[in-house]
Protein chains: 4
Amino acid sequence: MAKLRASSVTSETVSIPAQRPRAVKTAARREAILAAALDEFSARGFEAARIDDVARRAGVGKGTIYLHFRDKEALFQDLVRTMLVPLVAGLEAAQPGDQPVRKLIESFVELFVREVYNTRRRDVVRLILTEGQRFPSLAEFYYHEVVERAMTAMRALLQRAVARGELEDDTLVKFPQLIVAPGIVAVIWSGLFDRYKPIDVSAMMHAHLDLLFGKERAP
Amino acid sequence: MAKLRASSVTSETVSIPAQRPRAVKTAARREAILAAALDEFSARGFEAARIDDVARRAGVGKGTIYLHFRDKEALFQDLVRTMLVPLVAGLEAAQPGDQPVRKLIESFVELFVREVYNTRRRDVVRLILTEGQRFPSLAEFYYHEVVERAMTAMRALLQRAVARGELEDDTLVKFPQLIVAPGIVAVIWSGLFDRYKPIDVSAMMHAHLDLLFGKERAP
Amino acid sequence: MAKLRASSVTSETVSIPAQRPRAVKTAARREAILAAALDEFSARGFEAARIDDVARRAGVGKGTIYLHFRDKEALFQDLVRTMLVPLVAGLEAAQPGDQPVRKLIESFVELFVREVYNTRRRDVVRLILTEGQRFPSLAEFYYHEVVERAMTAMRALLQRAVARGELEDDTLVKFPQLIVAPGIVAVIWSGLFDRYKPIDVSAMMHAHLDLLFGKERAP
Amino acid sequence: MAKLRASSVTSETVSIPAQRPRAVKTAARREAILAAALDEFSARGFEAARIDDVARRAGVGKGTIYLHFRDKEALFQDLVRTMLVPLVAGLEAAQPGDQPVRKLIESFVELFVREVYNTRRRDVVRLILTEGQRFPSLAEFYYHEVVERAMTAMRALLQRAVARGELEDDTLVKFPQLIVAPGIVAVIWSGLFDRYKPIDVSAMMHAHLDLLFGKERAP
DNA sequence: GATGAATGAGGGTTCATTCAT
DNA sequence: TATGAATGAACCCTCATTCAT
């Protein structure tokens, strides 16, 4: 599981307003803008979010945003890419080793819960799901850089599970989306219905794995 | 399966500009506006959609829209409710009879594919998923009127399946969302990635059922 | 004083929806529209008043208004002329006889209070004062048909008062507006400040006459 | 009379587009907008005036207006208050000294003619008279801040005139509005009828004073 | 670099007017 | 004659983007 560590992913902004080299201050500003943009885009959607509010929230002038991002759309796309690409990198670095496939997938699920669902990245993922259609280049990027690669990796893994007898047949190999479907649903659900009925992602996803792989024996 | 027919749902507008009573023409106009609105909202999202374009597409003057809907948001919400509520009614009318639960769920899945996924209603569902967060009243309506009721019905059904021995345990009873998750994912996917890799919902959902209930014996 | 009666001025609408000759019904409708228009124009001003509200208030369809008046402005101008012209006619019919001038002017003041200030005509006068500037043709009409004629008549009267020794000099002959100024002010005041401090026009105008002509001996 | 000087009131905008601190330019812009707004509101009335025209006339972009004023109504109300409040302050600073009351009132009349009637403030006053009814908060402000205070001051003055024997009785004390009535009428008249018969306010108001206080002996 | 005042295209909404019924 | 659904010009206001300071 340690192998699935997404190391470079925990970039939390720390602001020490003391004397720092220009480059550092610039980078910090960029981070502040991205964080503010995530807040605003998540709360109101891409179109309704106002650059003015992003600036205010980031504590910078409106013009400053345009020093870092060409326009509103670039800010949006950079935001999405900046916050998800490192994660994907982490994913690809994962070494199957010789564990049972189910364990690996469980690790993956836990990584998702820990590093995505329980962080701001959940909002980024939700933005892709909700706004992606209006940004074909983003959808394309995300498809080729994330979805396709993840599915390929997944398929290899699942194929191995079939070969090992961990899975009865190759149904999942054909539709690896089924593995992540509950995660997607949880992200959507949390945006729409959490106030009415919060969802326990971790429990749901493990239940899901039980259904796919058979119930785990109690430890 | 016939019992899951959603009969009154196929209202397609046909325009014969001949002599028709005014009421009919007015209703037809309303339908045209709703259809155009669905197109525009789906293509660009709520915020970016322009009333002007809806009007043009519907073949009416801009002011006419305001004779039928208080404002842009009312148009959006009416659209969503108008197109989904009849379906829910159909769902609730479904009689379990004495069929195996799996058959019932298959019927449900097929109804979804036929009456939602393969129709304009897929776009309506997608609009809820993508815009619902910005319309709390819509999310609330949809949660109480559709999600909650559907989950309750589902749970009863699944409970019966457990009692009958059709399901090994009550995992699904706890997370009935898992039944529909692939459907949700398919709706999202079709908006984002269909151009890169179209998805076969029906096959995926049946594969999903195979995983949950065990593979069906070949017919 | 009886000579200043403005007889044909009390046209209050009475609606008997029974069988009436067409012409009568048409005229009644016109009256209803004018009455409604006065309400709306007075309450909101010419620009802000909506034809729709006038129609609703008059109990007719919106289109009906256009059967009686060319457009919104014609409605406004007809309204003003319809309700004031008969009054002016009454004024001109006044015969000085041989009464003291002060008595005549008092009669005039009382006519104003009774037939203008205490009736809907006050609102008409206010509309002229507040909207007249934007309707040059109305201002012109009103100047030539009412103001100029009234001033000429007034001047003749005042000249006589000077000749008779009822007035010390010809100051008022030069500025007959001074006679009516308090009436104008009262009309304006009643629209702006009556809720804070209602004004007693009659008392104020008689006080004004006392100042101009000397205090009347107690009766 | 010098005591009634309304000194800080003659702020005419002078534009030297040279190097000026931003604050100055911003203030100048605000003034330009107010001046343009007065033109447009006076010419067409509040409702009919277009923000676009105000902007064009002020030589600024449309959006600029909204940097200075919340909306059209705020622009209107700020305009009225900005241009009259300093004057009222001037009024209140007036010291009666020991002059005859008539002299004081003459000074006041002359101040009105000089600083109101012969300036743009006449248009502001006219706007209050013609639009005030539709802006209750403005009417209220104006009543409490100007009318009421002015009337109180006036009454004190007139009371003194009675005590000194300058006035025969307290008629004017009861209706101090009679003092200013000709001024109000002149403002209205100038908007409606000046093109047909211009009015000599100063002469009219002095004639009015003659009538109230008795004719002045030639100097 | 950083700012925020200024801009003006754009879009939601209103409402006078028309005209088919 | 009477109606009110339909229209679209008009207009207020917002907000992404620019640029002088």
Side-chain angles (χ1 to χ4, degrees), chain A residues 22-23 25-26 29 47-56 59-75, chain B residues 19-23 25-26 29-30 33 47-56 58-75, chain C residues 22-23 25-26 29 47-56 59-75, chain D residues 19-23 25-26 29-30 33 47-56 58-75:
Chain A
R22 174 90 63 107
K25 236 169 63 185
T26 295
R29 258 194 159 83
E47 279 286 344
R50 281 165 309 190
I51 288 287
D52 226 343
D53 290 339
V54 173
R56 197 167 12 255
V60 302
K62 208 185 340 176
T64 306
I65 291 178
Y66 288 86
L67 297 176
H68 292 269
F69 305 93
R70 193 171 9 71
D71 56 19
K72 193 184 178 188
E73 181 171 339
L75 170 59
Chain B
Q19 221 65 339
R20 287 179 302 167
R22 179 133 78 183
K25 245 170 58 184
T26 295
R29 258 190 160 86
R30 199 190 139 93
I33 293 169
E47 280 285 345
R50 281 165 306 177
I51 287 287
D52 229 344
D53 290 340
V54 174
R56 199 171 6 260
V60 302
K62 205 184 344 175
T64 305
I65 291 178
Y66 289 86
L67 295 178
H68 293 271
F69 305 93
R70 197 177 358 66
D71 56 19
K72 194 185 179 189
E73 180 172 339
L75 170 58
Chain C
R22 174 91 62 109
K25 237 170 63 186
T26 295
R29 257 195 159 83
E47 279 286 344
R50 282 165 309 192
I51 288 288
D52 226 343
D53 290 339
V54 173
R56 196 163 17 251
V60 303
K62 207 184 341 177
T64 305
I65 291 179
Y66 287 87
L67 297 176
H68 292 269
F69 305 93
R70 194 172 7 73
D71 56 19
K72 194 187 179 186
E73 180 172 339
L75 170 59
Chain D
Q19 221 64 339
R20 288 179 302 168
R22 177 134 75 183
K25 245 171 56 186
T26 295
R29 259 191 160 86
R30 201 191 137 93
I33 293 168
E47 281 284 346
R50 281 166 306 179
I51 287 288
D52 230 344
D53 290 340
V54 174
R56 197 169 8 257
V60 303
K62 203 185 347 177
T64 306
I65 291 178
Y66 290 88
L67 295 177
H68 293 270
F69 305 93
R70 198 180 356 64
D71 56 20
K72 194 186 178 188
E73 180 171 339
L75 171 59

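Order of the sequence lines sets the chain letters (A, B, ...), proteins ahead of strands, with each chain counted from 1.
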Output the pairing pattern of DNA chain E as a dot-bracket string, 5' first, Watson-Crick or G-U wobble with both distances under 3.5 Å, | for cross-strand pairs, [ ] for crossing pairs. .||||||||||||||||||||
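Taking only side-chain atoms of D71(D), from C-beta outward, the nucleotide of dC13(F), dT13(E), dG11(E) with the closest atom is dC13(F). Of the candidate nucleotides dT17(F), dT21(F), dA6(F), dT21(F) has the atom lying nearest to any side-chain atom of K25(D).
Contact annotation: R29(A) reaches the phosphate of dA2(E) (side-chain N/O to OP1 or OP2, under 4.0 Å).
In this structure, CG of L75(C) is placed 10 Å from P of dT17(E), rounded to the nearest angstrom. Regarding E73(D), its CD atom lies at a distance of 16 Å from the C1' atom of dC11(F), rounded to whole Å. If you measure from atom CZ of R50(D) to atom P of dC11(F), you get 5 Å, rounded to the nearest angstrom. Atom C1' of nucleotide dC15(E) and atom CD of E47(D) are separated by 12 Å, given to the nearest angstrom. The NZ-P distance, from K72(B) to dG10(E), rounds to 15 Å in whole Å. Here dT3(E) presents its C1' atom at 14 Å from CZ of R56(A), a figure rounded to the nearest Å. The CD1-C1' distance, from I51(B) to dT7(F), rounds to 15 Å in whole Å. Protein atom CG of D53(A) is 15 Å distant from nucleotide atom C1' of dG4(E), rounded to whole Å.
Within residues 59-69 of chain C, the residues that have a heavy atom under 4.0 Å from DNA chain F are, in order of number, V60(C), G61(C), K62(C), G63(C), T64(C), L67(C).
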Could you tabulate the donor-acceptor pairs under 3.5 Å formed by side-chain atoms of residues 62-75 of chain C, not counting sequence neighbours?
from	atom 1	to	atom 2	distance (Å)
T64(C)	OG1	G61(C)	O	3.4
D71(C)	OD1	E73(C)	N	3.2
D71(C)	OD1	A74(C)	N	2.9
K72(C)	NZ	F46(C)	O	2.8
K72(C)	NZ	E47(C)	O	3.0
K72(C)	NZ	A49(C)	O	2.9
E73(C)	OE2	Q77(C)	NE2	3.0

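Closest-nucleotide positions on DNA chain F for R70(A) and A48(D) were compared, and the one nearer the 5' end corresponds to A48(D).
Each of V54(B), D53(B), V60(B) was evaluated against R56(B); a single residue qualifies, D53(B), per the side chain to side chain contact (heavy atoms under 4.5 Å, CB included) test.
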